[in-house]
Each structure stands twice: as C-alpha cells, then as structure tokens.
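Everything on this sheet refers to the single structure shown next.
What you see is a predicted model, and the numbers here were worked out from it, not measured in a lab. Side-chain atoms are counted along with the backbone in the values below, which use heavy atoms only and exclude waters and symmetry mates.
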Number of protein chains: 2
Amino acid sequence: MKRAKKKQFHDFIAARGLKSTRQRDMVLDCFLSSDSHLSTEELYMKVRAKNSSIGYATVYRTLKLFAESGIAREIHFGDGQTRYEHVAEGEHHDHLVCTRCGSVQEFENEAIEKLQQEVADQFGFLVETHKMELYGICSKCRK
Amino acid sequence: MKRAKKKQFHDFIAARGLKSTRQRDMVLDCFLSSDSHLSTEELYMKVRAKNSSIGYATVYRTLKLFAESGIAREIHFGDGQTRYEHVAEGEHHDHLVCTRCGSVQEFENEAIEKLQQEVADQFGFLVETHKMELYGICSKCRK
DNA sequence: ATTATCATGATAATCATTTTCAATTGGAGA
DNA sequence: TCTCCAATTGAAAATGATTATCATGATAAT
C-alpha cells in the first residue's frame, strides 16, 4: 500500500516533468508513516525531527503536490489549519470530530452517499466531491 | 422574521451587559437584508456603501457577536474566507456549492440527518453540530 | 449631568500560507 | 562522465484574513 502510493506519486512527478528529490522522498516517507489528518505544521515537525534542515516552504509545497497527485486530500476542521489525509482510491470517508479532545474518527456510510446523490439529482447538480463532518463529544470524553 | 432576529440580538446584547450602538444596528440591518453566505468583506462593503466610516474591525467583531447570539452561523467553503449564514432556529441546512460559478444552493434532508444520528450512535458519539457540503457543477453551469 | 464601562476606528500585530530569489541540484543528452 | 538548463531548495520577505491594542468617543445606569 505504501509502495503503491509511492509509485503513484513518482509517476505523477514524472508525468509532470518534475524532479525526484531527497526532500520530497523524506516528506513522503513521513507522511505515509503518520496518522491521517496531520496539519502541515505537524508534518513539518516530524520531518524535521528525522532529519534536518528542511524548509517550511518545502513541506507546504510538497503536501500540495501530494494532493494534486491524488495520494492525499486537504481537509479543514474549522481551526485555521489545513490538514492532509491519506486517500485510498475510490473510497471516501467522513469524520466525527470531537470538540473536546480533538480526536477524529472516520466512517463510511453508503446509505448517506446514496441520499446525497438523490438530493443532488433533484437540483440537477453534478457532484464531484463532498465533505461531511459531525462535531460533538466522542465516547471517551463522554465517560 | 427580521423583527424576531433583531429582538434576539438585542436581547443577547442586553443579557451580556453589552451596549446597543449605531454601528451594530447598521451591520445588523445590512446582514438581515442580504443573501446568506456573505463573507465578512462582502458585508463590510455593503455596510460601507450605505453609510460610511465604519471600521473593518467593527464588522468583524459584530459578525462574531451575531454568531454568538445565535442569529448567524460561521461557514467555510474552503476558499480562505469566513462566511456567515442566517440561522432559523432549530433548522439546519446543508449546501450544494458550485465549483464553477461559486453559487450556493441550500437543502435539507431529514433522512440524511437521521442516518448521521445512527452513525454517531454506533460510535457512542454525541453530535452537537454537523456540516455537509456537496461540491460540483450546478444545473446552470451544466447547460 | 456624572461616571464607569463599553465600543469604535485606525493601525499594528498575528497566524497560516505563499512568493521571491539567489544558490543548488537532478537528469536528459552530448 | 560531463554539461547545461530547468526545476528545486531554504531563508526571508510578502500576502491575506483575522485579531489585538489603544486613545478617543458613545452608552446607560446612577
């Protein structure tokens, strides 16, 4: 799976005429071996811990490339930070965001997706992507 | 309806020990007579057109108060701007956002809300709010 | 009216993100 | 392997949205 994502990114890089660099591979490794939903800054910290003298801007730029290549997706949880989650192709998931501890639980629900489609059809709307987040208190925090 | 919202805001102001001012009333009028989903800057432009010498900061502060008072709600559509929509109490709606022309269509769907609740229950999650946006091409742009 | 607060407007400060730019590096081709 | 050019990098400046600061002006309870 990591292999597949690495290949996907390298193919993207090649197809675009971009270059494969030490820094990009480092960020890629860190990203793939991290939890989903990390903010750019969190990723930056991890990369910097492993290595090094990598620049802030490089991490920003590289994460944007991940999104373009399709191995990652930008998400926003309302705090002012952009986060990136892993993308397994074809699949889409939504989120339960705990407003107390900040934890994020993913879920999928076919029935909801189907209803979304129906609603869109009613309006003659062609859905490309969607996002859905439920905010509240997670089970741990409720105890 | 506008009356009710004005009252709601004034009650909130009073309960908090805040003051009723010319500027707040101006922003309130502009907000209530505008479409939903306006960004802070758009609102600022409208207020400034009507009057005057109102400060940027005042509009920001006032919109935050609207959200706290419950007559408005912050929304984010992924462009980096905070928008505010009108809140009719109890009711919640979701959005169809056209990625081509930027138009926003609101919709409500009880069945989806119900399914969301079920999912949350499965995880022992207590939902406080949610947001859901479908991004794609609206009917006008598809023609 | 007096006074204690709160609010305002202008501006500076902040925070996340992007751009700039000179110096460096990857990699296609000689 | 060596050359060369376009792509990349890191540092720092720039940007855009939002928030804080502060001196001055307005509100409302006494």
Side-chain angles (χ1 to χ4, degrees), chain A residues 9-31 37-69 72-84 102, chain B residues 9-31 37-69 72-84 102:
Chain A
F9 183 64
H10 285 132
D11 289 351
F12 168 83
I13 287 292
R16 277 276 197 99
L18 304 178
K19 288 170 181 171
S20 165
T21 68
R22 192 163 60 265
Q23 292 85 333
R24 283 178 179 162
D25 287 336
M26 260 168 43
V27 177
L28 181 55
D29 279 334
C30 273
F31 176 72
H37 316 122
L38 260 59
S39 68
T40 308
E41 171 151 35
E42 286 164 341
L43 224 306
Y44 171 70
M45 290 309 194
K46 290 198 74 165
V47 178
R48 179 157 268 262
K50 291 229 173 182
N51 170 294
S52 87
S53 57
I54 200 164
Y56 221 112
T58 299
V59 176
Y60 269 93
R61 290 186 279 231
T62 306
L63 283 171
K64 283 204 165 296
L65 284 179
F66 290 173
E68 288 184 63
S69 77
R73 184 188 295 124
E74 285 192 12
I75 47 177
H76 301 268
F77 287 150
D79 59 346
Q81 285 186 282
T82 301
R83 293 164 185 283
Y84 289 84
Chain B
F9 182 63
H10 285 131
D11 288 352
F12 168 83
I13 287 292
R16 278 275 196 99
L18 305 177
K19 288 169 182 171
S20 164
T21 69
R22 192 162 59 267
Q23 291 85 333
R24 283 177 179 164
D25 287 335
M26 259 168 43
V27 177
L28 181 55
D29 280 334
C30 274
F31 176 71
H37 318 120
L38 261 58
S39 67
T40 308
E41 171 149 37
E42 287 165 340
L43 225 306
Y44 170 69
M45 291 309 192
K46 291 198 74 164
V47 179
R48 179 157 269 261
K50 291 229 173 183
N51 170 292
S52 87
S53 57
I54 200 164
Y56 220 113
T58 299
V59 177
Y60 269 93
R61 290 186 281 233
T62 306
L63 283 171
K64 282 204 166 296
L65 285 178
F66 291 173
E68 287 184 63
S69 77
R73 183 188 297 123
E74 286 191 13
I75 47 178
H76 301 269
F77 287 150
D79 59 348
Q81 284 186 279
T82 301
R83 294 164 183 284
Y84 289 85

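The structure places CZ of B:Arg83 at 15.5 Å from CZ of B:Arg73, a figure rounded to the nearest 0.5 Å. If you take CZ on A:Arg22 and OG1 on A:Thr58, they are separated by 11.0 Å, rounding to the nearest 0.5 Å. In this structure, CZ on A:Phe66 lies 4.5 Å from CG on A:Leu28, to the nearest 0.5 angstrom. Rounded to the nearest 0.5 angstrom, A:Phe31 CZ and A:Met26 CE are separated by 15.5 Å.
The nearest whole Å value for the distance from the CZ atom in A:Arg61 to the P atom in C:dT20 is 12 Å. Counting to the nearest Å, the P atom of C:dA16 and the OH atom of A:Tyr84 are 14 Å from each other. Between A:His76 atom NE2 and C:dA16 atom P the separation is 14 Å, expressed in whole Å. A:His10 places its NE2 atom 13 Å from the C1' atom of C:dG26, with the value rounded to the nearest Å. Summarising the geometry, the separation between CD on A:Gln23 and C1' on C:dG26 is reported as 11 Å, rounded to the nearest angstrom. The NZ atom of A:Lys19 sits 12 Å away from the P atom of C:dT25 (whole-angstrom rounding).
Where A:Thr21 and B:Thr82 each meet DNA chain D at their nearest nucleotide, the meeting point lying more 5' is that of A:Thr21. The nearest heavy atom of DNA chain C to B:Arg48 and to B:Gly17 marks one nucleotide each, and the one closer to the 5' end goes with B:Gly17. Between B:Gln81 and A:Ser53, the residue anchored nearer the 5' end of DNA chain D, judged by the nucleotide with its closest heavy atom, is A:Ser53.
Side chain of B:Arg24 to main chain of B:Lys19: a donor-acceptor pair is present (N/O by atom type, distance under 3.5 Å, no hydrogens or angles).
Base pairing of D:dA13: its partner is C:dT18, meeting the Watson-Crick or G-U wobble criterion (both donor-acceptor distances under 3.5 Å).
Backbone-only contact: B:Arg24 has heavy atoms under 4.0 Å from sugar-phosphate atoms and none from a base. A:Arg22 comes within contact range of the sugar-phosphate backbone alone, with a heavy-atom separation under 4.0 Å but no base atom that close.
Between B:Ile54 and B:Tyr44, the shortest heavy-atom contact is O-CE1, 3.6 Å. Heavy-atom minimum distance, B:Tyr84 versus B:Leu63: CE2-O, 3.5 Å.
Note that the first and last nucleotides of DNA chain D, 5' to 3', having any atom under 4.0 angstrom from a heavy atom of chain B are D:dA17 to D:dA28.
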